[in-house]
Amino acid sequence: MIRLTKIGKNKFLLPKTGNMRVDAVVYLSEKLFRDFQEGEALEQLKNAATLPGVYGVVIGMPDIHSGFGLPIGGVMATRVEDGVISAGGVGMDINCGVRLLSTSIPADELDKRFLRKLMDAIEDRIPTGIGKGSRHGNLYKSHFKEIVQRGAIKLIEMGYGREEDLECIEENGCLDGADIAAVSDEAVSRGNQLATLGGGNHFIDLGVVEDIYNEKLAEVFGLKKGTLSIMIHTGSRGFGHQICTDYTRIMVNTAPRYGIDLPDKGLACVPISSAEGRQYYKAMCCGVNFAFANRQLITYDVREAFREVFNRDDDELGLDLVYDVAHNIAKFETHFNRRLLIHRKGATRALPPGHPSNPKKYMETGHPAIIPGSMGTASYVVVGTELARETFFSINHGAGRVLSRGAARKEISQQEFESAMADILYNTRNYKKVLDEAPQAYKDIDEVVNTLSEIGITRKIAKLRPLGVIKGEGD
DNA sequence: ATGTCC
């Protein structure tokens with residue numbers, strides 16, 4: 001078993017041993033540390049620390065749990081000159097991410113019947129669950145190349161959103177460098193899921209802004225206590241999944257040619273500057289842009305559903321985009337005066353006030369970073385601080401699983417599930433289909449969020465409480 | 001996460 005050494009409040013060290021090139025650091029509160037059972041995730045951090053060109057420290061966030069190659073809740077920086085790029089370091093669901101919309105609708109105005117009507121109107125428009133196709137099939141057929149190369153920008157040009165949405169999306173809704181020529185035919189054929197939600201932890205939820213911790217910043221973010229909020233969590237669906245699968249195979253096969261000794265197939269990687277590395281980056285950008293476009297189209301559908309059910313205009317409803325963050329992505333960024341490729345896997349970028357990569361609208365506050373809890377617990381809006389420099393301005397992306405999907409299905413009873421969901425509405429007819437997503441399968445979101453805010457890496461801005469949740473059904 | 005194993 002790997003030992004963690006406490007090196008500060010909520011901060012633990014996994015010291016460099018064996019062929020690790022750098023240390024690893026894990027952020028855990030005392031309670032999260034006591035309950036910590038993620039030996040495999042620590043192995044994965046150690047593995048990442050052995051890769052060529054890895055820089056600084058490999059980081060585990062408080063929501064860390066084992067994943068494919070790099071753990072979920074993992075951050076790995078590599079030097080552009082001599083470092084590697086890893087498809088598994090980004091993850092299967094490229095640019096899985098979450099966006100938050102604010103409204104000017106007082107939540108206490110809505111009774112359960114009305115909330116249900118809203119959820120039904122949203123569900124009528126957005127296919128959910130694994131393997132579901134899109135109602136915007138025309139976009140896939142006629143504009144796919146431009147959408148994956150130009151992301152949300154292309155959709156805004158076509159009228160699927162507001163001009164001002166773009167500033168409120170990480171990378172302004174388009175990661176530069178996408179080239180569909182780097183994407184396999186098989187991946188392209190799976191791109192027909194544009195404008196679908198998917199399954200697993202993906203959701204659309206209606207919530208209420210329950211607590212404000214910082215009035216000034218909340219106002220800039222458009223978050224007012226007691227108003228209805230909408231959160232959309234989805235990614236690049238089968239398209240991104242296929243890109244990761246394709247390039248993991250390529251990287252496993254070519255890594256030896258570059259003298260790379262792979263500790264784990266899931267961490268398959270090649271030099272950033274290699275032909276295969278550059279190709280993967282181009283393809284990954286397509287997956288990133290697909291996911292931005294996916295969330296943009298879902299936003300378009302949600303706004304339409306709201307107009308229909310309320311019979312009011314956007315002007316009266318708000319429905320403004322607060323922000324859209326990526327959870328699974330690799331990006332070229334400058335930290336410590338060095339050009340690095342930051343792999344964030346189940347981790348969120350959180351820039352502090354004044355950082356030049358903030359959008360103009362949020363330059364003086366830092367952009368909102370959105371942290372969803374589980375289907376039955378709160379979510380948070382936070383900002384990064386200057387102290388987040390030590391994590392390459394990265395924070396956790398959610399609560400983190402504490403039970404595997406299988407264990408959750410086996411161990412949680414119907415009564416336990418229903419009591420955890422209390423008076424929260426959910427769309428699923430059969431609770432068994434979402435039992436693996438039960439609140440009990442996740443860590444305590446308050447504890448996880450506090451782990452970073454207590455040591456000043458984040459500042460909490462607002463807390464959101466779910467009222468109604470739309471989930472895709474697994475099997 | 002995922003046409004959850006071509």
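We name chains A, B, ... by the order of the sequence lines, and we start the count at 1 in each one. Remember, it's a predicted structure, so these values are computed and weren't measured experimentally.
Atom-to-atom, CZ of A:Arg237 to P of B:dT2 comes out at 5 Å; the value is rounded to the nearest Å. One atom, CZ of A:Arg249, and another, P of B:dC5, lie 14 Å apart when rounded to the nearest Å. To the nearest angstrom, P of B:dC6 lies 13 Å from CG of A:Asp246. Between the NZ atom of A:Lys433 and the P atom of B:dT2 there is a distance of 15 Å, rounded to whole Å. Distance A:Asn294 CG to B:dT2 C1': 14 Å, rounded to the nearest Å.
Remark: A:Arg99 fails to qualify as a cation-pi partner of A:Tyr323 under the 6.0 Å distance and 45° angle criteria applied to the six-membered ring.
By the side-chain hydrogen bond (donor to acceptor under 3.5 Å, both in side chains) test, A:Glu411 is found to be paired with no residue, residues two or more places apart in sequence or in another chain being considered. Looking at residues two or more places apart in sequence or on another chain, you find a ring-ring contact (aromatic ring centres under 6.0 Å, His included) between A:His355 and A:Phe393. With sequence neighbours excluded, the residues forming a ring-ring contact (aromatic ring centres under 6.0 Å, His included) with A:Tyr160 are A:His136, A:Tyr300, listed by chain and number.
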Report, one line per pair, each donor and acceptor closer than 3.5 Å where one atom sits in a side chain of residues 249-257 of chain A; sequence neighbours left out.
from     : atom 1 : to       : atom 2 : distance (Å)
A:Asn253 : ND2    : A:Arg249 : O      : 3.3
A:Thr254 : OG1    : A:Ile250 : O      : 2.8

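At a threshold of 4.5 Å between non-hydrogen side-chain atoms, the residues A:Ile94 and A:Ile243 count as touching.
If you check every strand for non-hydrogen atoms under 4.0 Å, A:Gly235 touches nothing.
One finds no salt bridge joining A:Glu437 and A:Arg409 here, because no Lys/Arg side-chain nitrogen approaches an Asp/Glu carboxylate oxygen to under 4.0 Å. Under a 4.0 Å N-O distance rule, the pair A:Lys145/A:Asp179 does not qualify as a salt bridge.
Taken residue by residue, residues 182-197 of chain A places heavy atoms nearer than 4.0 Å to DNA chain B at A:Glu186, A:Arg190, A:Gln193. Across residues 64-73 of chain A, not one residue has a non-hydrogen atom less than 4.0 Å from an atom of DNA chain B.
For B:dT4, neither phosphate oxygen OP1 nor OP2 lies less than 4.0 angstrom from any side-chain nitrogen or oxygen of A:Arg405.
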